[in-house]
**Q** 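Next up is a structure, given as structure tokens.
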Amino acid sequence: MNPDIYPFSQDIINTLLDVDPDNQTRLLRKESNLVEYKQSFGRKSFDAYARTLAAFANAEGGYLIFGIDDSSRKIVGLQ
């Protein structure tokens, strides 16, 4: 995965959203210094989102993905 070239290419998206073959409601990829999951999106959490994005900007970049439970990696979606 080389996000420097195509940060939103279909290959990158497929890798980030690769589901567990044994549990189709769970992602395979764990959180890392390049991927952060948030279960929901809300105005009260903008500070937390900004901190995460600033950390990504000061490092190698990264992906903040909403609608995923960060501990179980279960796909919960957004309302």
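Heavy atoms only: backbone and side chains are in, while hydrogens, waters and symmetry mates are out.
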**Q** Could you check if a side-chain atom of Tyr63 sits within less than 4.5 angstrom of a side-chain atom of Ile12, using non-hydrogen atoms only?
**A**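 Touching, per the 4.5 Å side-chain cut-off.
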**Q** Parallel, tilted or perpendicular: which one describes the rings of Tyr49 and Phe41, with boundaries at 30° and 60°?
**A**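 Parallel: the ring planes of Tyr49 and Phe41 meet at under 30°.
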**Q** Walk me through it: do Asp18 and Leu27 pass the test side-chain contact (heavy atoms from CB on, under 4.5 Å)?
**A** CA-CA 6 Å; Asp18 196 18; Leu27 296 182; over 6 Å; no
**Q** Apply side chain to side chain donor-acceptor pair (under 3.5 Å) to Asp11 and Ser9, showing your working.
**A** CA-CA 5 Å; Asp11 289 339; Ser9 72; 5.2 Å; no
**Q** Going only through I, L, V, M, F, W and Y residues with side-chain contacts under 4.5 Å, is there a path from Leu34 to Phe8?
**A**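 Yes, one cluster joins them.
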**Q** Are Phe56 and Glu36 close enough, and set up right, to give a side-chain contact (heavy atoms from CB on, under 4.5 Å), and what steps lead you there?
**A** CA-CA 10 Å; Phe56 286 154; Glu36 174 96 12; 3.9 Å; yes
**Q** Does some side-chain heavy atom of Asp70 sit less than 4.5 Å from a side-chain heavy atom of Lys38?
**A**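 No. Closest side-chain heavy atoms not under 4.5 Å.
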**Q** Would you say Ile65 ends up clustered with Leu53 if hydrophobic residues are merged whenever their side chains have heavy atoms under 4.5 Å apart, either directly or through other cluster members?
**A**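 Leu53 does not cluster with Ile65.
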**Q** Return yes if some donor-acceptor pair links the side-chain N/O of Arg26 with the main-chain N/O of Lys74 below 3.5 Å, else return no.
**A**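 Not at all, since once roles are kept as given, no pair shorter than 3.5 Å links the two residues.
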**Q** When rounded to the nearest 0.5 angstrom, what is the spacing between CG in Leu16 and CG in Leu28?
**A**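 So the CG of Leu16 and the CG of Leu28 are separated by 12.0 Å.
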**Q** Check step by step if side-chain contact (heavy atoms from CB on, under 4.5 Å) holds for Tyr37 and Arg29.
**A** CA-CA 10 Å; Tyr37 299 127; Arg29 186 177 199 82; 3.7 Å; yes
**Q** Between Gln24 and Asp20, do the side chains contain an N or O donor and an N or O acceptor separated by less than 3.5 Å?
**A**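 Distance-only check fails for Gln24 and Asp20.
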**Q** Can a side-chain donor-acceptor contact be found between Ser72 and Asp69 if the only test is distance below 3.5 angstrom?
**A**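 Checked: Asp69/Ser72 side chains pair up, N/O donor to acceptor below 3.5 Å.
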**Q** Can you see which heavy atom on Ile68 is nearest to which on Val76, and at what distance?
**A**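 Heavy-atom minimum between the residues: N-CG2, 4.1 Å.
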**Q** Side chains of Ile75 and Val19: closer than 4.5 Å at any heavy-atom pair?
**A**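 Sidechains of Val19 and Ile75: in contact.
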**Q** Which atoms form the tightest heavy-atom contact between Lys30 and Val35, and what is the distance?
**A**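 Taking Lys30 first and Val35 second, the nearest heavy atoms are O-CB, 4.4 Å.
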